[in-house]
Amino acid sequence: MTASTPRAAWGNLLRRLHFYIGLFVGPFIFFAALTGTLYVATPQLESILYKHALYSDTTGEAQPLAEQIAVAEKAIGDQLRLQAVRPGLIGGETTRVMFADPTLGPSENRAIFVDPVSLEVRGDMTVYGTSGILPLRQKIDYLHSSLMLGDFGRLYSELAASWMWIAALGGIALWFYTRPKRRINNAFQSRRRVHVALGWTLLGGMLLFSATGLTWSQWAGGNVDKLRTQMNWLTPQVNTQLRGPAAEVDSHAEHRGHHDAMMMPEMAMDLTLFDNVLHVAREAGIDANKLEIRPAKMAEQAWTVTEIDRGWPTQVDAVAIDPHSMQILDQTRFADFPLMAKLTRWGVDFHMGILFGLVNQLILIVFGVSLCVLIAWGYRMWWMRRPALASRNPVLTLCQCWLSLPASGRGMTLFISVMLGMMMPVMGFSLAFFVLIDWLRWRAQSLLSLSESTK
């Protein structure tokens with residue numbers, strides 16, 4: 001079968017591609033949406049489950065950080081290296097003292113939760129990433145990003161992110177090409193209108209989540225980082241070298257599962273430096289109530305104090321402080337970030353449901369549930385129409401649709417497919433898989449038709 005006009009040929013190609021994406025990739029997008037919804041819906045539940053570790057009812061003046069850290073070190077022993085401290089600066093919050101534990105996974109730390117007033121140890125658990133999520137959300141995050149299968153499992157989320165924007169834009173294009181010129185009232189068109197309405201409503205979110213998801217991906221994410229480097233869109237980082245240039249920092253390392261840099265010999269640590277460094281940082285304008293103090297791993301490195309409040313307004317300023325002279329060596333201000341670095345920061349935080357607090361959570365919950373409904377509705381449309389399509393047109397394949405395009409259209413689509421496949425390798429390999437399955441189906445049908453014609 002060949003299309004009678006170029007418009008019909010493009011419509012057939014879009015329909016078949018949209019069908020393959022929904023059939024093969026739809027389940028992965030559905031699972032990513034479902035687990036992502038669970039992730040953004042559980043911060044309050046996590047606060048309840050771990051209330052004893054996170055909060056304290058004691059009142060009074062907080063003890064020096066040095067004493068709080070000493071209590072945590074005594075509780076954990078001397079076998080682990082002190083990684084960072086997140087002081088409890090708001091009344092009722094505990095201080096989180098984090099240690100690098102070689103038995104834990106990438107971006108995981110063992111945290112001791114200390115009451116700043118009474119110096120009581122109130123918790124001991126694993127925390128993950130810059131966001132410092134606790135075990136419940138950590139498991140959901142691993143399920144969302146990798147199916148709890150490590151780097152191999154991350155291919156699933158990259159597959160979903162690589163195709164979601166194509167499915168969204170392709171669905172809109174398909175609607176333009178195939179919408180009837182007059183309103184038709186039948187069961188299929190009614191179901192189609194629901195699917196189209198959901199697609200239009202969720203279009204912006206699908207594009208955003210696809211883009212931010214790709215920045216965390218294993219293969220496409222590396223290409224995104226190269227582009228950001230070339231365009232000078234990287235997030236500024238403070239220089240922690242007492243001498244020499246700053247090392248490059250991967251701003252998505254915690255999501256890609258990268259380990260910290262090679263561990264260096266530890267320097268003797270004076271715990272009173274934490275109080276001194278915090279005081280200097282406060283005077284330098286680090287005024288957020290959520291911040292992290294990281295001691296230097298080497299004698300030739302500076303300490304850093306970084307704001308970690310990813311809400312609105314975003315507070316992620318940072319300073320590097322020489323622990324010997326207590327002089328500020330370098331600082332970054334979010335207000336001075338390049339526009340693209342700000343947009344990246346906001347996009348990532350919105351993706352995680354923390355930019356606008358509860359409002360952000362509710363928006364993402366509605367989006368996630370709606371996306372699951374959109375995918376399920378698409379499957380329902382296909383299932384209810386499948387027998388009629390199979391009996392009327394059993395040989396319509398992606399290869400046939402592509403061959404029906406004008407020569408310029410075939411060349412353009414081939415060029416775009418190769419370029420996208422190079423930038424997003426997981427999408428490229430999956431597209432090759434689609435084409436292989438399609439070609440085998442086309443070949444089998446051609447042989448069957450030839451056999452019947454010779455009888």
Side-chain angles (χ1 to χ4, degrees), residues 11-39 41 143-144 147 153 155-180 184-207 209-210 213 364-401 426-427 429-431 433-438 440-442 445:
N12 288 336
L13 180 68
L14 289 169
R15 183 184 294 106
R16 185 54 43 176
L17 180 61
H18 196 68
F19 166 73
Y20 277 162
I21 296 172
L23 184 64
F24 295 114
V25 186
F28 298 103
I29 300 176
F30 182 95
F31 189 79
L34 180 62
T35 53
T37 301
L38 290 176
Y39 179 88
L143 192 65
H144 174 68
L147 301 174
L155 294 174
Y156 117 84
S157 56
E158 184 166 352
L159 179 70
S162 297
W163 281 106
M164 185 162 63
W165 68 275
I166 299 176
L169 294 179
I172 297 302
L174 179 61
W175 175 77
F176 274 114
Y177 269 96
T178 62
R179 70 187 189 279
I184 301 175
N185 293 317
N186 57 40
F188 173 74
Q189 289 299 330
S190 296
R191 290 190 295 268
R192 184 174 183 267
R193 280 192 285 270
V194 172
H195 190 71
V196 169
L198 281 172
W200 272 110
T201 303
L202 302 179
L203 176 62
M206 286 190 282
L207 297 179
F209 284 101
S210 184
L364 296 192
I365 290 171
V366 172
F367 172 82
V369 172
S370 300
L371 182 55
C372 290
V373 171
L374 173 67
I375 296 169
W377 196 264
Y379 271 98
R380 180 173 183 266
M381 290 173 58
W382 164 72
W383 183 259
M384 297 187 71
R385 211 174 175 217
R386 179 180 57 91
L389 281 176
S391 62
R392 185 173 70 247
N393 193 13
V395 295
L396 181 61
T397 65
L398 189 64
C399 295
Q400 284 177 299
C401 296
V426 173
M427 191 219 74
F429 279 109
S430 58
L431 178 59
F433 173 76
F434 294 167
V435 173
L436 176 61
I437 295 297
D438 188 80
L440 291 174
R441 177 173 175 261
W442 183 25
Q445 185 62 45

Residues 163-170 side chain polar contacts: donor-acceptor under 3.5 Å, at least two apart:
{"from": "W163", "atom 1": "NE1", "to": "S430", "atom 2": "OG", "distance (Å)": "2.7"}
{"from": "W165", "atom 1": "NE1", "to": "S162", "atom 2": "O", "distance (Å)": "2.9"}

For residues 368-380, run the donor-acceptor check on the side chains, cut-off 3.5 Å, and write out each pair with its distance to 0.1 Å, sequence neighbours left out.
{"from": "S370", "atom 1": "OG", "to": "V366", "atom 2": "O", "distance (Å)": "2.7"}
{"from": "W377", "atom 1": "NE1", "to": "R191", "atom 2": "O", "distance (Å)": "2.8"}
{"from": "Y379", "atom 1": "OH", "to": "G22", "atom 2": "O", "distance (Å)": "2.8"}
{"from": "Y379", "atom 1": "OH", "to": "L23", "atom 2": "O", "distance (Å)": "3.0"}

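Put simply, the side chain of Y39 does not reach to within 4.5 Å of the side chain of L143, judged on heavy atoms. H18 is not listed as a side-chain neighbour of L14, based on a closest heavy-atom distance of 4.5 Å or more.
When the side-chain contact (heavy atoms from CB on, under 4.5 Å) test is applied to F28, the partners found at least two apart in sequence or on another chain are Y156, L159, A160. Taking the ring pair (Phe, Tyr, Trp, His ring centres under 6.0 Å) definition, one finds that F209 meets it with H351, F367, sequence neighbours left out. The ring pair (Phe, Tyr, Trp, His ring centres under 6.0 Å) check on F30 picks up nothing, with sequence neighbours excluded.
With H144 contributing its side chain and T35 its backbone, the two residues share no donor-acceptor pair below 3.5 Å. Looking only at distances, a side-chain donor or acceptor of D438 sits under 3.5 Å from a matching main-chain atom of C399.
How far CZ of R16 is from CG of L398: 8.0 Å, rounded to the nearest 0.5 Å. Here CG of L207 is found 10.5 Å from CG of L202. Values are rounded to the nearest 0.5 Å. Taking CD1 from I437 and OH from Y20, the interatomic distance works out to 8.5 Å, rounded to the nearest 0.5 Å. If you take CG on L34 and CD1 on I29, they are separated by 13.5 Å, rounding to the nearest 0.5 Å.
Ring geometry for F24 against F434 counts as parallel: the plane angle stays under 30°, on a 0 to 90° scale with 60° as the upper cut.
Within a 6.0 Å radius of CZ in F429, no more than 12 heavy atoms belonging to other residues, nucleotides or ligands are found.
Counting all heavy atoms, side chain and backbone alike, A41 lies closest to I365 at CB-CD1, 3.7 Å.
Contacts classified as side chain to side chain donor-acceptor pair (under 3.5 Å) and involving residues 167-179 (residues at least two apart or in different chains) are given here: T178-R192.
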